[in-house]
Amino acid sequence: MRLEARVEVAERGVEADVTVGAGRTLALLGPNGSGKSTALEAIAGVVRPGRARIVLDGRELVGSGRPVPPRDRGIVLLAQDDALFPMSVLDNVAFGPRAAGRRDARRVAEAWLERVGCADLASRRPGDLSGGQARRVAIARALAAEPRVLLLDEPFAGLDVEAASAIRTMLRSLLADVTAIITTHDVLDAHTLADDVAVMAGGRVVEAGTATEVLTRPRTPFAARMAARVLVAGTMRGGALELEGGVRVPVSGGPRGGEAAAVALPPSAVVLAIGDAPRDRSLAWVPDAVRALEPRGDEVRVVGAAVAADVDAAVAASLDAGAVVWFGVPRGHLAYALTG
Ligand SMILES: Nc1ncnc2c1ncn2[C@@H]1O[C@H](COP(=O)(O)OP(=O)(O)OP(=O)(O)O)[C@@H](O)[C@H]1O
């Protein structure tokens, strides 16, 4: 099922446009409050969008005519705070198939509980489950309803690392043929679960593409951060990326002269210098001021306005926010267009 959705929830400042190909999984990334949950809620019909167009496999569910009621859309939302019904685990999972009039609802539910590794919990009540078990049961309940589209809002939130990892592995196979959107803060989810990635900021989708595209060629600082890259952006001029302030970083590839372009590189590839302008001509030196110092194990990420670098904690110890530094950006990285 191919999903095309454009939903506007004006009171929350959200106007999101997402497309998910049939059987594909889209990871919706973005900072807190960027509108990810609202977008899912509006698509599922939990929140009533002001304006919306939702098309499933060419059929308009919401648009110019009378909207298809949420319960008939075949779009199931697994919300962050999705509580199980106060009934046995088996009855929870059988709920969807029963509502659809299936006589074999019990057998379907047992099969789903088996698939999520919870067959032995069938007779338990929700209050007697761990967080990880409850999440597995909730996933089984959602999938047993045979949704045409499954929306998962931060399915690993609140789980410990082990439970999250086990459920991530489980979802990877369960979602193989399901059209799904998953909101997440974890780039690992984008890498392991998603075919495509869309990044939201300020209520809008600001970049979208295959997971590989977005994570190797990020267009926004947020996507670059998710991909653990530094986004050095500027304008192409004669084989170099010209940054604001005029520093030229020689690059390979890139769009035509005059167009906005960027290179995305790991912060470990950037060299930090303190003091006078460095002389080493093999690097393009960008003067910058320290905005933040972020500890990362034995290293500290020194974040400037334009560039960032990972350095030894001992080096960073002499720095404070506002300190003037030089970032040495290696030449020859692959540049790509930031527009279009
Ligand atoms: N129930 C609500 N009532 C009113 N405003 C809300 C409600 N839920 C969210 N908002 C607002 O809508 C905007 C988008 O929030 P939303 O929860 O969709 O973002 P999000 O990207 O899912 O954030 P997070 O990553 O923190 O879950 C925010 O400005 C938020 O304050």
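Atoms within each ligand, like the ligands themselves, are counted from 1 in listed order.
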J.: Counting both backbone and side chain atoms, is some N or O of Val14 under 3.5 Å from an N or O of ligand 1?
T.: no

J.: Between the candidates Leu40, Val47, Thr38, which shows the shortest non-hydrogen contact distance to atom 18 (O) of ligand 1?
T.: Thr38

J.: Are side-chain heavy atoms of Leu272 and Trp326 found at a separation under 4.5 Å?
T.: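 Counting from C-beta outward, Leu272 and Trp326 never come under 4.5 Å.
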
J.: Okay, side chain of Ser165, backbone of Val161: is any donor-acceptor separation there less than 3.5 Å?
T.: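 Pair absent, no side-chain N/O of Ser165 close to backbone of Val161.
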
J.: Within ligand 1, which atoms have a heavy atom of His185 less than 4.0 Å away?
T.: 25 (O)

J.: Is it the case that over 12 heavy atoms from other parts of the model lie below 6.0 angstrom from the CD atom of Glu294?
T.: yes

J.: Return the closest protein heavy atom for atom 17 (O) of ligand 1 as residue, atom name and distance.
T.: Ser37 CB, 3.8 Å

J.: Could you say whether the N/O atoms of Gly35 and ligand 1 ever approach to under 3.5 Å?
T.: yes

J.: Considering heavy atoms of the protein only, find what lies nearest to atom 26 (O) of ligand 1 and give residue, atom and distance to 0.1 Å.
T.: Asn32 ND2, 2.9 Å

J.: Please could you name the atoms of ligand 1 that Glu154 approaches to less than 4.0 Å, counting only its heavy atoms?
T.: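 Once the distances to Glu154 are compared, the set is 25 (O), 27 (O).
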
J.: Just which atoms of ligand 1 are under 4.0 Å from any heavy atom in Pro31?
T.: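 Matching atoms, with element in brackets: 21 (O).
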
J.: Quick one about Thr220 and Glu207 (side-chain donor to acceptor, distance below 3.5 Å, no hydrogens or angles considered), yes or no?
T.: yes

J.: Looking at atom 30 (C) of ligand 1, is any protein heavy atom nearer than 4.0 Å to it?
T.: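 There is no protein heavy atom less than 4.0 Å from atom 30 (C) of ligand 1.
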
J.: Give a yes or no on whether the backbone of Arg124 and the side-chain of Asp128 come within a donor-acceptor separation of less than 3.5 Å.
T.: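 Here the side-chain-to-backbone pair does not exist.
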
J.: Using a strict cut-off of less than 4.0 Å between a Lys/Arg side-chain nitrogen and an Asp/Glu carboxylate oxygen, indicate whether Arg59 and Asp57 qualify as a salt bridge.
T.: no

J.: Using a strict cut-off of 4.0 Å, indicate which atoms of ligand 1 neighbour a heavy atom of Ser34.
T.: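 Every atom of ligand 1 under 4.0 Å from some heavy atom of Ser34: 19 (O), 20 (P), 21 (O).
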
J.: Going by atom types only, do Thr183 and Asp153 share a side-chain donor-acceptor pair under 3.5 Å?
T.: yes

J.: Can you find a side-chain donor-acceptor pair between Ser282 and Asp280 that sits under 3.5 Å?
T.: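 Side chains of Ser282 and Asp280: pair found under 3.5 Å.
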
J.: If you scan the protein for heavy atoms around atom 22 (O) of ligand 1, do you find one that is closer than 4.0 Å?
T.: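 Yes.
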
J.: Name the option, out of Gln80, Met200, Lys36, Arg12, that contains the heavy atom nearest to atom 20 (P) of ligand 1.
T.: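 Nearest heavy atom to atom 20 (P) of ligand 1 lies in Lys36.
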
J.: Quick one: does Gly33 get a heavy atom under 4.0 Å from ligand 1?
T.: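 Contact present.
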
J.: Check whether more than 12 heavy atoms from other residues, nucleotides or ligands sit under 6.0 Å from atom CD of Glu60, and answer yes or no.
T.: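 Yes.
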
